[in-house]
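Each ligand, and each atom within it, is numbered from 1 in the order the structure gives. The basis for the numbers below is simple: all heavy atoms, side chains too, and nothing from hydrogens, waters or symmetry mates.
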Amino acid sequence: MRQAGRSLPEYRALREGTSMLDACLDPEMAAEITLQPVRRHDVDAAIFFSDIVIPLRLAGIDVEIVPNVGPVLAHPVRTRADVEALPQLDDDAFAPITEAVARTVEQLGSTPLIGFAGAPFTLAAYMVEGRPSRDHLGPRTMMHADPETWDALASWAADVSGRFMRAQLMAGASAAQLFDSWAGSLGRDDYAAHVQKHSAAAFSHVAGLGAPLIHFGTGTGEILDLMKEAGADVVGIDYRVNLAEATRRLGAQTPLQGNIDPALLTADWDVLEAHVRDVVAAGSGAAGHVLNLGHGVPPSTDPEVLTRVVSLIHSISPAEIEPTRA
Ligand code: 1CP
């Protein structure tokens, strides 16, 4: 998740004076930031330090991550002419990413690295709006008002995101996650008609590499089956849907990822512990369960709480888990 482990003081110290995207494109710094939460919390996998807008920057688009705002583009992409003027992304441009992944993997030893990219809808939402938005009106209007322009834009985004994931896997990442963080703003019909095929196109770049592929969105309870169909092996569930219910919707053969509620990280330990145990029980009916948070770590999270949650999870033996029924 965005900001997972980036609540750490050692992260803030290292980032001092370096912009977010410059940090992502400095292989040594990106590798070190990726390793920090692994060292501290003893988690079972690392998530690569990067951002979903990195392929835009590598293609030459003027994009910045503005502190306390998020991704901001100097020139939003709103017309057919804007889409036609989008630059080509050269494979060589991924060099800082592949170098960062290779350095990270070498230092991680047997701990796997999860790579990622933004799904076409989420990436296109930033491109059309030019900045974070609540309702994503621009891309949702475009897919109906001008479906050809929408398809051209989403195809461009699928291509750069697919290749971004592929570059990370080829450099040594063990799994890849496609983040469709804002797909929850879409109705099921819109997702099926205008978005699913583009996410499938992004996944097609990494199908057959043998790496598990994870598909995550927030507020996506109504479209979990469509997200799986797009080409995912594992479906990421946000904190809103109980994992036993997700298994009922997706079938017991679908591995799940999820979904500790980030809001409970600041609750009393007893409350948090009971919630973590509930999540473990709820996920135990799935074919596999990658335990994580049901969205990003709030930057104000006390890192000690995260370490304690990881150690609690490691202490639970499969024999003591009582599966929950939906
Ligand atoms: O924890 C990590 O550092 C993992 C690496 C990571 C990932 C997986 C970052 C670093 N970004 C992302 C993905 C990402 N980026 C998503 C998908 C996951 C999610 O929903 O959280 C999204 C939507 C973005 C876009 C983005 N980048 C935002 C969201 C803005 C909005 O619309 O609300 C923000 C704030 C960023 C900046 C960012 N990216 C990553 C970090 C650590 C940060 C914070 C900036 C900083 O520390 O200076």
Trainee: With respect to H295, determine whether any N or O atom, backbone or side chain, lies less than 3.5 Å from an N or O atom of ligand 1.
Mentor: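 Yes - when backbone and side-chain N and O of H295 are compared with those of ligand 1, one distance drops under 3.5 Å.
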
Trainee: Determine, using heavy atoms of S50 and all atoms of ligand 1, whether some pair is separated by less than 4.0 Å.
Mentor: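 A heavy atom of S50 does come that close to ligand 1.
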
Trainee: State the atoms of ligand 1, each with its element, that fall below the 4.0 Å cut-off from a heavy-atom position in F179.
Mentor: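 Atoms satisfying the 4.0 Å criterion: 8 (C), 17 (C), 18 (C).
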
Trainee: Counting only heavy atoms from other residues, nucleotides and ligands, does the tally under 6.0 Å from CD of E148 exceed 12?
Mentor: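 Atom CD in E148 is not crowded, with 12 or fewer foreign heavy atoms closer than 6.0 Å.
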
Trainee: Counting only heavy atoms closer than 4.0 Å, does ligand 1 sit against the backbone of Y11, its side chain, both, or neither?
Mentor: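 Y11 to ligand 1: side-chain contact only, backbone stays beyond 4.0 Å.
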
Trainee: Can you give me the closest heavy-atom contact between T324 and D278, atom names plus distance?
Mentor: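 Distance-wise, the nearest heavy atoms are OG1-O, 4.3 Å.
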
Trainee: Tell me whether W156 is reachable from M165 by hopping between hydrophobic residues (I, L, V, M, F, W, Y) whose side-chain heavy atoms are closer than 4.5 Å.
Mentor: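 Different hydrophobic clusters.
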
Trainee: So F121 and H194, ring-ring contact (aromatic ring centres under 6.0 Å, His included) or not? Walk me through it.
Mentor: CA-CA 9 Å; F121 175 73; H194 301 291; over 10 Å; no

Trainee: Could you tell me which non-hydrogen atom of D135 sits nearest to which non-hydrogen atom of R140, and how far apart they are?
Mentor: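 Of all heavy-atom pairs spanning D135 and R140, the closest is O-NE, 3.0 Å.
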
Trainee: When rounded to the nearest 0.5 angstrom, what distance separates CZ in R249 from NZ in K228?
Mentor: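 If I round to the nearest 0.5 Å, the distance is 14.5 Å.
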
Trainee: Please could you name the atoms of ligand 1 that W182 approaches to less than 4.0 Å, counting only its heavy atoms?
Mentor: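 Atoms satisfying the 4.0 Å criterion: 23 (C), 31 (C), 32 (O), 33 (O).
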
Trainee: Where does Q177 meet ligand 1, judged by heavy-atom distances below 4.0 Å: at the side chain, the backbone, both, or neither?
Mentor: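 Neither; nothing of Q177 gets under 4.0 Å from ligand 1.
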
Trainee: Look at atom CD of E222 and say whether more than 12 heavy atoms of other residues, nucleotides or ligands are closer to it than 6.0 Å.
Mentor: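 It does not: E222 CD has 12 such atoms or fewer within range.
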
Trainee: Report the part of P71 in contact with ligand 1, treating N, CA, C, O as backbone and CB onward as side chain, heavy atoms under 4.0 Å; options are side chain, backbone, both, neither.
Mentor: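 Just the side chain.
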
Trainee: For ligand 1, which atoms have a heavy atom of F48 less than 4.0 angstrom away?
Mentor: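 Answer for ligand 1: 4 (C), 5 (C).
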
Trainee: CD of E304: more than 12 outside heavy atoms within 6.0 angstrom?
Mentor: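 At most 12 heavy atoms, drawn from other residues, nucleotides or ligands, come within 6.0 Å of this atom.
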
Trainee: In terms of atom number and element, which parts of ligand 1 are under 4.0 angstrom from non-hydrogen atoms of S181?
Mentor: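 The atoms of ligand 1 under 4.0 Å from a heavy atom of S181 are 17 (C), 18 (C), 19 (C), 20 (O), 23 (C).
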
Trainee: Using heavy atoms and a 4.0 Å limit, tell me yes or no: is R15 in contact with ligand 1?
Mentor: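 Yes, R15 has heavy atoms under 4.0 Å from ligand 1.
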
Trainee: Which residue from V69, I52, L178, T18 reaches closest to atom 14 (C) of ligand 1 through any of its heavy atoms?
Mentor: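 Result: the heavy atom closest to atom 14 (C) of ligand 1 is in I52.
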
